[in-house]
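What follows is a short report on a single structure.
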Amino acid sequence: MKTTKFLRLATLSFALVVICISCKEQAKTEHSELTPQEKEQAKKEISSRIDGIVQGAKNLNIDEAMKAYSNSDDFMLINPDGSSYNYQEMKTVNSEAFEQLRSLEFSTVKKEYRFLAKDLVLCTWFGKNKMEFKTGDKLKTESYVGSMLFKKENEVWSIIYAHESNSTPIQL
């Protein structure tokens, strides 16, 4: 009887050790860093998504400009004035702004990447912009920064959180 109890206990202990090691290895694999090649690929894919935002803004096409943003309940944008928008609020406000403009142009100065996990990358975009209103008024912003948290879901990098800052626009 003692031998049977001992064997059950030993078997159960062995099974628990195997399960723990397996779980640890799986967690290690899931959260391990990207390889240098994977990082370069992620940079290319994210850069392409940002270029799409810039091009959509240039075309004053809200749908094109919004493609990189995650249309989910978790999305949040923090504006330079400290206010925040969800996806739909951001789309509405930007759509209304686009209607007031004759042209809008963003130019990229640089992009910096921080790899937080295999599926999370923080990209900070540094740039400038110029805009012309339909009234003929023109503004330029010499320093415009967007911090964007990208998450890879279904093989696509999407922005789930963004925070924008900019210098005071100058009237031209």
Side-chain angles (χ1 to χ4, degrees), residues 16 18-101 103-131 141 143-167:
L16 287 173
V18 169
I19 289 170
C20 288
I21 290 171
S22 296
C23 289
K24 186 176 179 182
E25 287 304 310
Q26 182 179 0
K28 195 185 222 180
T29 301
E30 288 174 3
H31 298 295
S32 63
E33 284 203 20
L34 295 169
T35 66
Q37 295 83 5
E38 289 172 322
K39 285 181 179 181
E40 285 307 310
Q41 184 61 35
K43 285 180 183 180
K44 286 179 188 174
E45 292 172 12
I46 290 169
S47 183
S48 175
R49 302 289 280 171
I50 294 170
D51 292 346
I53 296 169
V54 170
Q55 188 61 45
K58 182 177 182 176
N59 295 337
L60 300 175
N61 181 323
I62 193 64
D63 292 323
E64 185 180 353
M66 295 288 294
K67 280 183 184 175
Y69 295 92
S70 175
N71 184 1
S72 72
D73 292 339
D74 293 333
F75 174 80
M76 178 186 282
L77 167 70
I78 305 298
N79 296 298
D81 67 0
S83 63
S84 65
Y85 294 143
N86 63 30
Y87 178 88
Q88 193 54 54
E89 291 166 334
M90 178 184 168
K91 186 172 183 177
T92 299
V93 167
N94 282 313
S95 181
E96 290 169 358
F98 283 7
E99 290 174 16
Q100 305 299 315
L101 296 174
S103 67
L104 174 61
E105 186 174 336
F106 284 90
S107 55
T108 301
V109 174
K110 68 178 177 175
K111 299 172 194 156
E112 292 184 2
Y113 300 88
R114 302 288 184 272
F115 294 88
L116 307 176
K118 276 194 162 233
D119 65 342
L120 285 175
V121 177
L122 178 63
C123 177
T124 306
W125 180 90
F126 298 86
K128 314 173 178 199
N129 75 20
K130 291 182 186 176
M131 63 183 77
T141 304
S143 178
Y144 196 99
V145 179
S147 296
M148 298 161 277
L149 182 59
F150 281 85
K151 183 172 185 176
K152 191 166 192 177
E153 296 177 308
N154 300 320
E155 300 303 312
V156 176
W157 290 101
S158 297
I159 300 167
I160 60 171
Y161 178 87
H163 187 167
E164 297 179 354
S165 300
N166 61 271
S167 60

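- Taking all atoms of both residues into account, the shortest heavy-atom contact from S84 to I78 is CB-CD1, 3.7 Å.
- Judged by distance alone, the side chain of S48 and the main-chain N or O of K44 form no donor-acceptor pair under 3.5 Å.
- Remark: M76 CE is loosely packed, at most 12 non-hydrogen atoms of other residues, nucleotides or ligands lying under 6.0 Å away.
- Taking both residues in full, the closest heavy atoms of V145 and F126 are given as CG2-CD2, 3.7 Å, listed atom of the first, atom of the second, then distance.
- Contact check for M90 versus F75: side-chain heavy atoms found under the 4.5 Å cut-off.
- With rounding to the nearest 0.5 Å, the separation of NZ in K39 from NZ in K118 is 11.0 Å.
- Remark: S107 OG to K130 NZ distance equals 7.5 Å, nearest 0.5 Å.
- Shown here are the side chain to side chain donor-acceptor pair (under 3.5 Å) partners of Q55, two or more places apart in sequence or in another chain: N59.
- Using a 4.5 Å heavy-atom cutoff, the side chains of N79 and V93 are not in contact.
- Note: Y69 OH to F150 CZ = 7.5 Å, rounded to the nearest 0.5 Å.
- Taking every heavy atom of both residues into account, I50 and C123 meet most closely at CD1-SG, 3.5 Å.
- Between F115 and Y113, the angle of the ring planes stays under 30°, which puts this pair in the parallel group of the 30/60° scheme.
- Of all the heavy atoms in I46 and W157, the pair that sits closest is CG1-CG, 3.7 Å.
- To the nearest 0.5 Å, atoms CZ (F98) and CG (L60) are separated by 6.0 Å.
- In this structure, K111 places its NZ atom where more than 12 heavy-atom neighbours from other residues, nucleotides or ligands lie under 6.0 Å away.
- Surrounding NZ of K91 are more than 12 heavy atoms belonging to other residues, nucleotides or ligands, all under 6.0 Å away.
- Heavy-atom minimum distance, T141 versus S167: CG2-O, 3.5 Å.
- To the nearest 0.5 Å, atoms CD (E64) and CD1 (I53) are separated by 10.5 Å.
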| request: Could you check V156 against R49 for side chain to side chain contact (heavy atoms under 4.5 Å, CB included), going step by step and ending with a plain yes or no? | output: CA-CA 9 Å; V156 176; R49 302 289 280 171; 3.8 Å; yes

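- Between the side chain of Q100 and the main chain of A97, no donor-acceptor pair closer than 3.5 Å is present.
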| Audit row: Y144, K128, side chain to side chain contact (heavy atoms under 4.5 Å, CB included) steps and yes/no | CA-CA 5 Å; Y144 196 99; K128 314 173 178 199; 5.8 Å; no

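- In this structure, OG1 in T124 is found 10.0 Å from CG in L149, a value given to the nearest 0.5 Å.
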| field | Full working for side chain to side chain contact (heavy atoms under 4.5 Å, CB included) between I62 and N94 | value | CA-CA 7 Å; I62 193 64; N94 282 313; 3.4 Å; yes

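- If you check the side chains of Q41 and Q37, you find no donor sitting under 3.5 Å from an acceptor.
- Summarising the geometry of L77 relative to H163, their closest heavy-atom pair is CD1-N, 4.4 Å, with the distance given to 0.1 Å.
- S70 and K151 form no side-chain donor-acceptor contact under 3.5 Å, judged by distance and modelled atom types alone.
- Side-chain contact, D81 with S83: a donor N or O sits under 3.5 Å from an acceptor N or O.
- Other residues, nucleotides and ligands contribute only 12 or fewer heavy atoms inside 6.0 Å of the CG atom of D73.
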| said: Run the side chain to side chain contact (heavy atoms under 4.5 Å, CB included) test on N166 and N129 for me, step by step, so that the C-alpha distance in whole Å, both residues' side-chain angles and the decisive distance to 0.1 Å come before the verdict. | reply: CA-CA 10 Å; N166 61 271; N129 75 20; over 6 Å; no

